[in-house]
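Below is one structure, written out as structure tokens, with a few remarks after it.
Within every chain, numbering begins at 1; the chains are lettered A, B, ... in the order of the sequence lines, protein sequences first and strands thereafter. Computed over heavy atoms, backbone and side chain alike; hydrogens, waters and symmetry mates excluded.
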There are 2 protein chains.
Amino acid sequence: MENTQWLDERETGVWRGFLEASQLLVASMDRHLVRESQLSGAEYAVLAPLSEHADGVVRARDLGKSLGWDRSRLSHLLKRMEARGLLERKNCSSDARGLDVEITPAGRNAIELAAPGHLEFVRTHFFDQLTRDEQDALASASRKIMATLQPECD
Amino acid sequence: MENTQWLDERETGVWRGFLEASQLLVASMDRHLVRESQLSGAEYAVLAPLSEHADGVVRARDLGKSLGWDRSRLSHLLKRMEARGLLERKNCSSDARGLDVEITPAGRNAIELAAPGHLEFVRTHFFDQLTRDEQDALASASRKIMATLQPECD
DNA sequence: TGAAGGTTGTTGACGTGTCACTAAACATGT
DNA sequence: ACATGTTTAGTGACACGTCAACAACCTTCA
């Protein structure tokens, strides 16, 4: 921990650039989503898997796992989303602890309205800006970074 | 807007991977920072420029501009940080609207304690994981993405 | 059976960021 | 000098995520 290895100029640029760009991209995406379709990024992330599963039902546990979210966070959000009529919470038949989350027609409608604009945003601000090589580099960088964080999110 | 261009499998992987990795990295970095030095990422971001300016004074406006933050966000955070004794808010001599933010000895101490561990985190979880080429690709990707968001954060 | 330990979801308190609004001070042009 | 518009900062209400604690349920194994 002694003798700190400071970042040189190039590294500072890479690091700050990455931080700013990723944060700004996500923030802009969220704002765009809210403006165009009254859905936050988190709500979109929940509705997307629900709308893909044939019956529109997913267990809360699985949602949390695939989103990589805290149970508490999901619980709070699901309660708010139910209040907004985007989904329903039902007790799971196979496990009395469990919670089945079911998308409502309103929820399905909301995400179907949101999806085109959202995808267009991702295309124009992300994919259209990057060469194929950059996309590949980004993917491999993402994998490697995730790998060091997965174990115990140190 | 009609005829939505869905993402293919490769693109979905790139996009989700990037989102997850960048979010996870920032979140982990924040937690690490809080655990090791009782500073949030936002607080670190404010103290860093303050500690670099010779007299430890920066105008709130300039802080906000260089961090790319909302005035309101900065105002709330500065109030909390002053309450914690990390900095002081003084009215700016040259512009009566302005606010001079001055780092306190406690603030300087806090960031000097935090910096080594923080840099080590950035090294081990970011730079050490990436080849030079990947770093360059990331930097250029960041620049291009930022460029499309700067104008009016659409 | 029953005790111990793990899983699943909820809650309340809290820190933080966003939004819309306000207020004060500056800048500009007449 | 004055009116107008802009810049700068602060405020209160609100939405959201985190944390620690909790309750209900399942599993396992003796």
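If you run salt bridge (charged side-chain N to carboxylate O under 4.0 Å, His left out) between B/Glu102 and each of B/Arg89, B/Lys90, B/Arg59, only B/Lys90 comes through.
In this structure, the side chains of B/Asp30 and B/Tyr44 stay at 4.5 Å or more apart for every pair of heavy atoms. Contact check for B/Arg10 versus A/Gln135: side-chain heavy atoms found under the 4.5 Å cut-off.
Note that CD of B/Glu20 is 12.5 Å distant from CD1 of A/Ile145, once rounded to the nearest 0.5 Å. Between the NE2 atom of A/His118 and the CG atom of A/Leu33 there is a distance of 6.0 Å, given to the nearest 0.5 Å.
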TODO: Kindly determine whether B/Glu43 and B/Arg80 satisfy salt bridge (charged side-chain N to carboxylate O under 4.0 Å, His left out), including the steps that lead there.
DONE: CA-CA 10 Å; B/Glu43 287 167 337; B/Arg80 281 174 248 140; over 6 Å; no
- [ ] Check step by step if side-chain contact (heavy atoms from CB on, under 4.5 Å) holds for A/Phe127 and A/Leu119.
- [x] CA-CA 10 Å; A/Phe127 286 105; A/Leu119 286 182; over 6 Å; no
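At a non-hydrogen distance threshold of 4.0 Å, A/Arg59, A/Ala60, A/Arg61, A/Arg71, A/Ser72, A/Ser75, A/His76 from residues 46-77 of chain A come into contact with DNA chain C.
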Short N/O separations, protein against nucleotides 24-29 of chain D, under 3.5 angstrom:
from: D/dC26; atom 1: OP1; to: A/Ala96; atom 2: N; distance (Å): 3.4

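Around CZ of A/Arg16, the count of heavy atoms belonging to other residues, nucleotides or ligands within 6.0 Å does not exceed 12.
In terms of hydrophobic clustering, with Ile, Leu, Val, Met, Phe, Trp and Tyr side chains grouped at heavy-atom distances under 4.5 Å, A/Leu67 and A/Leu99 are assigned to a common cluster.
Nucleic acid contact class of B/Arg84 (heavy atoms, under 4.0 Å, all strands): none.
Protein chain B contacts DNA chain C over a range whose 5' and 3' limits, counting nucleotides with an atom under 4.0 angstrom from a non-hydrogen atom, are C/dT16 to C/dC26.
Using a 4.0 Å cut-off, some side-chain N or O of B/Arg89 falls inside it from OP1 or OP2 of D/dG10.
For the residue pair B/Ser51/B/Glu112, the side-chain donor-acceptor check at 3.5 Å is not satisfied.
Take the nearest nucleotide of DNA chain D for B/Leu78 and for A/Glu43: the residue whose nucleotide is more 5' is B/Leu78.
To the nearest angstrom, C1' of D/dG10 lies 20 Å from NZ of B/Lys90.
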